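What's counted below: heavy atoms across the whole structure, side chains too, no hydrogens, waters or symmetry copies. Keep in mind that this is a model prediction, so the values were computed, not measured.
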Amino acid sequence: MASKLNPQHNQLPAFQATAKPAKLRASATQIKFSAATPPDQQISTTSKPKLAPEPLTVEFKTLGACKLGISRYPDFTYNAEKGRGDGLATVTENENVSVSFDPRTLYIPPLTSATTKFLGLPLPPFLKIDIVPELLQGNINRQSGKVELEFKAKFLFTAGGFYRAPPLLVAALLTSEESVGQLRGGRGERLNEQGACKLVGVATVDAVDDLFMDTFLSLPTECLASLNASICFTS
């Protein structure tokens with residue numbers, strides 16, 4: 001019988017010897033886990049809000065070989081070099097850029113004998129048409145080159161010191177695509193890698209309650225602007 005009791009007596013200490021280290025290992029594991037991830041150092045998985053893109057600066061310049069037309073008269077050839085304006089641009093989505101130019105910086109050369117020809121001849125020296133921009137803003141897609149700009153301006157016609165017409169108000173969508181009215185139409189050219197484009201726009205010019213001007217230009221009527229321009233962005 002001694003030989004049968006000895007195995008049972010040896011099994012009990014063996015069970016106790018394996019149970020105690022198991023508790024120690026569990027305790028050690030808990031301490032290690034707690035030390036590895038303290039509450040104040042847990043990594044947050046919350047995504048940070050996207051910052052709004054910083055606005056770009058944009059410069060607009062008018063170039064030579066432009067055309068202006070009104071009513072059924074042949075187009076004027078117009079050199080608009082030195083025209084310019086500064087503005088801000090904000091990238092929206094899909095390479096679309098919203099641009100807005102400060103009217104105080106916008107300058108478009110007047111129509112004079114030095115800048116404008118009609119039927120191949122310079123305008124008479126006493127005739128002058130000043131252009132006073134009031135609005136230039138819109139959207140540009142830098143990937144496709146498509147340009148659409150709202151343009152508003154006053155055209156001030158004077159003949160020497162003896163005649164000054166009421167302002168002609170012109171509001172047009174200048175586009176690199178096609179612009180078609182009832183009398184006038186034209187097609188532009190999209191912005192290229194060098195920043196050059198051709199913008200066209202047809203607008204309706206209302207009567208101005210001036211007998212000479214309303215009769216001479218057949219107001220109300222349509223006018224056409226075809227402008228070669230450059231648009232450059234800087235960060």
Using residues 81-88 as the side-chain source, report each donor-acceptor pair under 3.5 Å to any protein atom, sequence neighbours left out, with the distance given to one decimal.
| residue | atom | partner | partner atom | Å |
| --- | --- | --- | --- | --- |
| Arg84 | NH1 | Asp86 | OD2 | 3.3 |
| Arg84 | NH2 | Glu59 | OE2 | 3.1 |
| Arg84 | NH2 | Asp86 | OD1 | 2.8 |
| Arg84 | NH2 | Asp86 | OD2 | 3.2 |

Legend entry - Under 4.5 Å side-chain linkage, directly or through intermediates, the cluster mates of Leu63: none
Legend entry - For Leu156, the rest of its hydrophobic cluster, which grows through side-chain links under 4.5 angstrom: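 Its cluster mates, by chain and number, are Val132.
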Between side-chain atoms of residues 110-129 and protein atoms elsewhere (two or more places apart, or another chain), which donor-acceptor pairs fall under 3.5 Å?
| residue | atom | partner | partner atom | Å |
| --- | --- | --- | --- | --- |
| Thr112 | OG1 | Ala114 | N | 3.2 |
| Thr115 | OG1 | Pro110 | O | 2.8 |
| Thr115 | OG1 | Thr112 | N | 3.0 |

Residues 214-232 side chain polar contacts: donor-acceptor under 3.5 Å, at least two apart:
| residue | atom | partner | partner atom | Å |
| --- | --- | --- | --- | --- |
| Asp214 | OD1 | Val208 | N | 2.9 |
| Asp214 | OD2 | Asp209 | N | 3.2 |
| Asp214 | OD2 | Asp210 | N | 3.3 |
| Thr215 | OG1 | Leu211 | O | 2.7 |
| Glu222 | OE1 | Gln182 | N | 3.2 |
| Glu222 | OE1 | Leu183 | N | 2.7 |
| Glu222 | OE1 | Arg184 | N | 3.1 |
| Glu222 | OE2 | Gln182 | N | 2.9 |
| Asn228 | ND2 | Gly64 | O | 3.0 |
| Asn228 | ND2 | Ala65 | O | 2.9 |

Would you give me the side-chain donor-acceptor pairs under 3.5 Å for residues 142-155, sequence neighbours excluded?
| residue | atom | partner | partner atom | Å |
| --- | --- | --- | --- | --- |
| Ser144 | OG | Asn141 | OD1 | 3.2 |
| Ser144 | OG | Lys146 | N | 3.3 |

Inset, instruction - Determine whether Val200 and Thr175 make a side-chain contact, defined as any pair of heavy atoms from C-beta on separated by less than 4.5 Å. - result: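 Side chain of Val200 against side chain of Thr175, heavy atoms only: contact under 4.5 Å found.
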Inset, instruction - Working to the nearest 0.5 Å, report the span between CG of Leu136 and CD1 of Ile108. - result: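 One finds 7.5 Å between CG of Leu136 and CD1 of Ile108.
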Legend entry - Approximate separation, where rounding is to 0.5 Å, of Leu191 CG and Leu199 CG: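 Taking CG in Leu191 and CG in Leu199, the distance rounds to 8.5 Å.
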Inset, instruction - Mind checking salt bridge (charged side-chain N to carboxylate O under 4.0 Å, His left out) for Glu177 and listing every partner two or more places apart, or none if nothing turns up? - result: Arg190
Residues two or more places apart in sequence or in another chain: which of them pass side chain to side chain donor-acceptor pair (under 3.5 Å) with [X]?
X      : value
Arg187 : Glu178
Asp206 : none
Glu134 : none

Inset, instruction - List the atom of Ala172, the atom of Ala203, and the distance in Å for their closest heavy-atom pair. - result: CB-CB, 3.7 Å
Legend entry - Closest non-hydrogen atom pair between Val99 and Ala89, with its separation: CG1-CB, 3.6 Å
Check the hydrophobic clustering (I, L, V, M, F, W, Y; side-chain heavy atoms under 4.5 Å; chains of links allowed) and say if [X] and [Y] are grouped together.
X      : Y      : answer
Leu173 : Val205 : no
Ile70  : Val170 : yes
Tyr73  : Leu68  : yes
Ile131 : Leu135 : no
Phe60  : Tyr78  : yes

Legend entry - Pairing residues for Tyr163 by the ring pair (Phe, Tyr, Trp, His ring centres under 6.0 Å) criterion, not counting sequence neighbours: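 If we apply the ring pair (Phe, Tyr, Trp, His ring centres under 6.0 Å) test to Tyr163, skipping adjacent residues, the hits are Phe212.
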Inset, instruction - Sequence neighbours left out, what pairs pass side-chain hydrogen bond (donor to acceptor under 3.5 Å, both in side chains) with at least one residue falling in residues 97-111? - result: Asp102-Arg104
